[in-house]
Trainee: 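Before I ask anything, let me first share the structure, which is written out below as structure tokens.
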Amino acid sequence: MTEIVVSRRADATPHAAALIEGLRDIGYSLETAVSDIIDNSITAGAHRIQIITETFAEEPYIAIVDDGDGMSEDDLVAAMRPGSRNPLATREEPDLGRFGLGLKSASFSQCRRLTVISRKSGQTSAAIWDLDDVAERNEWAVQLPDDLTGLPAIEHLGPNGTIVLWQKLDRLTGGYSHNAAKRAEVINQRIAETERHLRLVFHRFMEDAKPIRLLLNGRLLQPLDPFARKNPATISDPEEKLTLIRGDVEIQSFTLPHHKQMSKAEWEDLGGPEGHLKSQGFYLYRGKRLILHGAWFGLCRQSEITKLSRVRIDIPNSMDADWKIDVKKSSAQLPPIVRDRLKKVIDRILAGSKRTYQKRGQKLVDHERLPMWHRIQADGQIRYRPNAEHPAFSDFADSLPPDLRRGFFNCVSLVGASLPLETLFADMAGTAEQIVPDQVDEDALSQAVQAVLTRMLEAKKDMKEIIALMKDNDPFRSAWEDTQRIIAATIQTKEDK
Ligand SMILES: Nc1ncnc2c1ncn2[C@@H]1O[C@H](COP(=O)(O)OP(=O)(O)OP(=O)(O)O)[C@@H](O)[C@H]1O
Ligand SMILES: [Mg+2]
């Protein structure tokens with residue numbers, strides 16, 4: 001760069017009122033804002049963190065109370081300064097912070113009045129950033145209240161710890177600033193939506209040997225492990241380590257159990273409001289705290305075949321610059337060297353899921369197995385066609401006079417030709433687990449059972465073989481109890497004859 005001579009400088013101190021308003025809009029949501037405050041509590045060594053909301057009061061508030069180390073008044077004033085620490089400074093390993101901004105920017109994103117009350121070594125201090133006060137005075141100066149009694153939630157503070165108190169919740173009113181009941185409803189709804197995010201983001205801390213207890217209005221939140229490691233049907237691949245200059249990246253892939261291997265509640269909890277299709281992908285943790293999830297970083301599509309795959313990536317805070325961690329701790333970018341390694345992980349996952357699907361498809365293709373449908377692959381296309389030779393069709397056709405028989409096969413092939421592929425595909429991409437074969441009534445099922453049974457017995461197959469085959473094929477598989485009953489009754493009738 002060419003050297004430019006500078007002999008004068010002019011004051012360009014930011015306007016407090018303008019800049020502090022600008023800090024409000026760097027893209028926090030209530031979830032990410034609360035998480036940023038909880039990060040600070042965890043870094044301060046807290047083990048019990050309470051979120052207390054008073055939504056029906058004339059002046060509603062949200063308080064986050066911890067039992068961490070607390071701060072002296074000097075520490076507190078320093079902490080209230082936007083940019084309290086240099087992002088370039090090295091931080092200790094368990095420190096979840098980076099920018100010296102989170103406390104302020106997260107709070108202002110939700111409210112116009114932030115009070116921090118902290119107790120350390122028997123001394124209680126408080127400091128307030130009130131955006132209306134800053135607007136009026138246009139000064140970078142926090143208020144230090146003379147009297148702390150009567151500050152909301154102060155009774156929850158233990159021998160040491162900190163309260164972050166949000167008042168003037170102008171961003172959470174949903175437009176109902178003058179309707180207390182409606183306003184409370186909106187805030188409560190938003191808080192309820194935050195719950196799952198917190199259970200997920202901090203699950204590793206909540207599962208620790210010395211766990212962090214997160215309470216929402218007195219109710220203990222349960223960790224939400226996105227890999228369902230407690231479920232014995234979850235498949236965990238071995239952990240891989242990538243050693244880089246600024247630290248190690250640890251990678252581990254998991255395959256969640258099939259939805260039939262867990263309760264409906266557990267399945268829905270794991271999928272969340274977005275559903276399983278959108279929850280597959282990488283789960284990136286920075287110092288055990290989840291930063292982002294439910295994306296493949298553009299390395300692969302979120303498809304039905306990889307729906308149960310989730311990959312844990314762990315990084316230390318020493319790699320923040322390489323990963324371009326943002327102030328909100330909710331986004332990151334892949335360093336190229338890691339991208340190459342993750343591409344390999346994805347290739348392996350894709351190969352694995354394709355094998356599983358091919359195995360399932362095999363059953364349909366295998367002629368020995370009497371499928372109701374044929375899968376025909378030719379000229380780069382795949383067709384599905386009802387199997388006219390299936391005994392359920394052919395035996396019935398045999399009982400018809402020749403002219404009706406042709407009509408019957410025409411009907412069957414029409415069903416095959418009008419398979420609603422687009423709708424099926426759209427449904428599969430959304431909620432595949434809710435798509436089930438249609439139920440057949442007793443009469444239809446019984447006709448199919450009898451036809452198959454007769455054909456098999458004629459072919460001298462033994463009963464064990466017949467049962468195994470039928471159990472694997474629809475419509476019998478999905479109505480297995482009824483099928484078994486009909487088989488027993490049919491055999492009884494045959495023996496009686
Ligand atoms: N609950 C708390 N208990 C003790 N100290 C706290 C607490 N919250 C904040 N602090 C202090 O205030 C400082 C400023 O917090 P702030 O969240 O603004 O920045 P940070 O955590 O250092 O970095 P980041 O912007 O990445 O969150 C912290 O570094 C910490 O020293
Ligand atoms: Mg912080």
Side-chain angles (χ1 to χ4, degrees), residues 29-32 34-35 38 48-51 53 185-209 211-237 252-285 288-295 302-312 349 353 356 360 426-439 477-481:
S29 60
L30 178 62
E31 289 90 342
T32 51
V34 172
S35 305
I38 294 178
R48 183 182 158 90
I49 302 166
Q50 304 185 69
I51 302 160
T53 66
E185 207 178 290
V186 172
I187 303 179
N188 287 340
Q189 175 64 29
R190 295 290 294 111
I191 296 281
E193 288 161 8
T194 305
E195 183 174 327
R196 183 173 185 279
H197 182 84
L198 300 179
R199 291 173 52 219
L200 188 58
V201 165
F202 298 107
H203 79 95
R204 306 260 291 270
F205 299 97
M206 295 156 93
E207 291 160 355
D208 254 359
I212 285 176
R213 292 153 54 83
L214 264 184
L215 295 105
L216 177 55
N217 289 321
R219 185 166 47 85
L220 183 67
L221 300 186
Q222 295 305 319
L224 172 49
D225 172 14
F227 313 113
R229 279 167 304 176
K230 284 204 180 127
N231 189 316
T234 294
I235 302 168
S236 335
D237 288 357
Q252 190 173 21
S253 311
F254 296 87
T255 310
L256 296 184
H258 192 261
H259 66 97
K260 286 188 180 142
Q261 288 167 299
M262 63 176 93
S263 69
K264 190 160 182 277
E266 192 187 353
W267 174 256
E268 281 175 3
D269 202 20
L270 272 173
E274 299 248 78
H276 278 264
L277 191 69
K278 299 240 164 66
S279 308
Q280 63 180 295
F282 295 116
Y283 282 68
L284 176 66
Y285 294 82
K288 293 201 295 183
R289 189 267 210 217
L290 186 61
I291 299 267
L292 61 81
H293 62 96
Q302 288 188 314
S303 73
E304 194 59 38
I305 62 166
T306 47
K307 187 162 88 170
L308 298 177
S309 303
R310 298 184 177 193
V311 180
R312 176 175 66 78
I349 292 173
S353 355
T356 318
R360 271 187 223 153
D427 288 342
M428 291 295 284
T431 47
E433 64 278 3
Q434 284 171 19
I435 304 170
V436 291
D438 194 12
Q439 282 177 352
R477 175 174 49 186
S478 39
W480 186 238
E481 272 182 27

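Counting from 1, the numbers follow the sequence of the chain as shown.
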Trainee: Mind checking what makes side chain to side chain contact (heavy atoms under 4.5 Å, CB included) contact with L216, not counting sequence neighbours?
Mentor: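 For L216, the residues satisfying side chain to side chain contact (heavy atoms under 4.5 Å, CB included) (neighbours in sequence not counted) are I51, I191, E195, R219, L221.
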Trainee: Could you pull out all residues at least two apart from F282 that satisfy ring pair (Phe, Tyr, Trp, His ring centres under 6.0 Å)?
Mentor: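 Residues passing ring pair (Phe, Tyr, Trp, His ring centres under 6.0 Å) with F282: W296, F297.
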Trainee: Is any side-chain heavy atom of V436 less than 4.5 Å from a side-chain heavy atom of S478?
Mentor: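 Side-chain contact under 4.5 Å: no.
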Trainee: When rounded to the nearest 0.5 angstrom, what distance separates CG in L284 from CG in L292?
Mentor: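 These two atoms lie 5.0 Å from each other.
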Trainee: With under 30° as parallel and over 60° as perpendicular, where do the rings of H276 and W267 fit, or are they tilted in between?
Mentor: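 Judged by the thresholds at 30° and 60°, the geometry between H276 and W267 is parallel.
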Trainee: Provide the full list of salt bridge (charged side-chain N to carboxylate O under 4.0 Å, His left out) pairs with a residue in residues 257-267, sequence neighbours left out, each pair given once.
Mentor: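 Non-adjacent pairs meeting salt bridge (charged side-chain N to carboxylate O under 4.0 Å, His left out): K264-E268.
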Trainee: Looking at CZ of R312 and OG of S253, how far apart are the two atoms once the value is rounded to the nearest 0.5 Å?
Mentor: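 The distance works out to 10.0 Å.
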Trainee: For L308, does its backbone N or O pair with a side-chain atom of T255 as donor and acceptor, under 3.5 Å?
Mentor: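 Such a contact is absent between T255 side chain and L308 backbone.
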Trainee: Enumerate the salt bridge (charged side-chain N to carboxylate O under 4.0 Å, His left out) contacts for residues 198-208, please, sequence neighbours excluded, ordered by first and then second residue.
Mentor: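 Passing the test, one end in residues 198-208: R199-D269, R204-D314, E207-R229, D208-K288.
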Trainee: With a 3.5 Å distance limit and no angle check, can you tell me whether D225 reaches the backbone of H203 through a side-chain donor-acceptor pair?
Mentor: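 Not a single qualifying donor-acceptor pair exists.
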Trainee: Can you list the residues that meet the side-chain hydrogen bond (donor to acceptor under 3.5 Å, both in side chains) rule with T234, with sequence neighbours excluded?
Mentor: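 Residues passing side-chain hydrogen bond (donor to acceptor under 3.5 Å, both in side chains) with T234: none at all.
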Trainee: State which residues pass side-chain hydrogen bond (donor to acceptor under 3.5 Å, both in side chains) with S303; sequence neighbours excluded, sorted by chain then number.
Mentor: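 Applying side-chain hydrogen bond (donor to acceptor under 3.5 Å, both in side chains) to S303 gives T306.
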Trainee: Tell me, please, which residues at least two apart from R190 pass salt bridge (Lys or Arg N to Asp or Glu O under 4.0 Å).
Mentor: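 Partners of R190 under the salt bridge (Lys or Arg N to Asp or Glu O under 4.0 Å) test: E31, E193.
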Trainee: In chain order, what residues pass the side-chain hydrogen bond (donor to acceptor under 3.5 Å, both in side chains) check against D237, with sequence neighbours excluded?
Mentor: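 Once residues adjacent in sequence are excluded, D237 has no partner under the side-chain hydrogen bond (donor to acceptor under 3.5 Å, both in side chains) criterion.
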Trainee: Mind checking ring pair (Phe, Tyr, Trp, His ring centres under 6.0 Å) for Y283 and listing every partner two or more places apart, or none if nothing turns up?
Mentor: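 With neighbours one apart ignored, the set is F227, H293.
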Trainee: Run the ring pair (Phe, Tyr, Trp, His ring centres under 6.0 Å) test against H197 and tell me which residues pass, sequence neighbours left out.
Mentor: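 H197: no ring pair (Phe, Tyr, Trp, His ring centres under 6.0 Å) contacts found.
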Trainee: Excluding sequence neighbours, so at least two apart, what forms side-chain hydrogen bond (donor to acceptor under 3.5 Å, both in side chains) with Q302?
Mentor: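 With neighbours one apart ignored, the set is empty.
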Trainee: Would you tell me whether S35 and T32 have side-chain atoms, one donor and one acceptor, within less than 3.5 Å of each other?
Mentor: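 No donor-acceptor contact under 3.5 Å links the two side chains.
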Trainee: Going by the rule salt bridge (Lys or Arg N to Asp or Glu O under 4.0 Å), which residues pair with E185 if we only count those two or more places apart in sequence or in a different chain?
Mentor: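 Salt bridge (Lys or Arg N to Asp or Glu O under 4.0 Å) check on E185 returns nothing, list empty.
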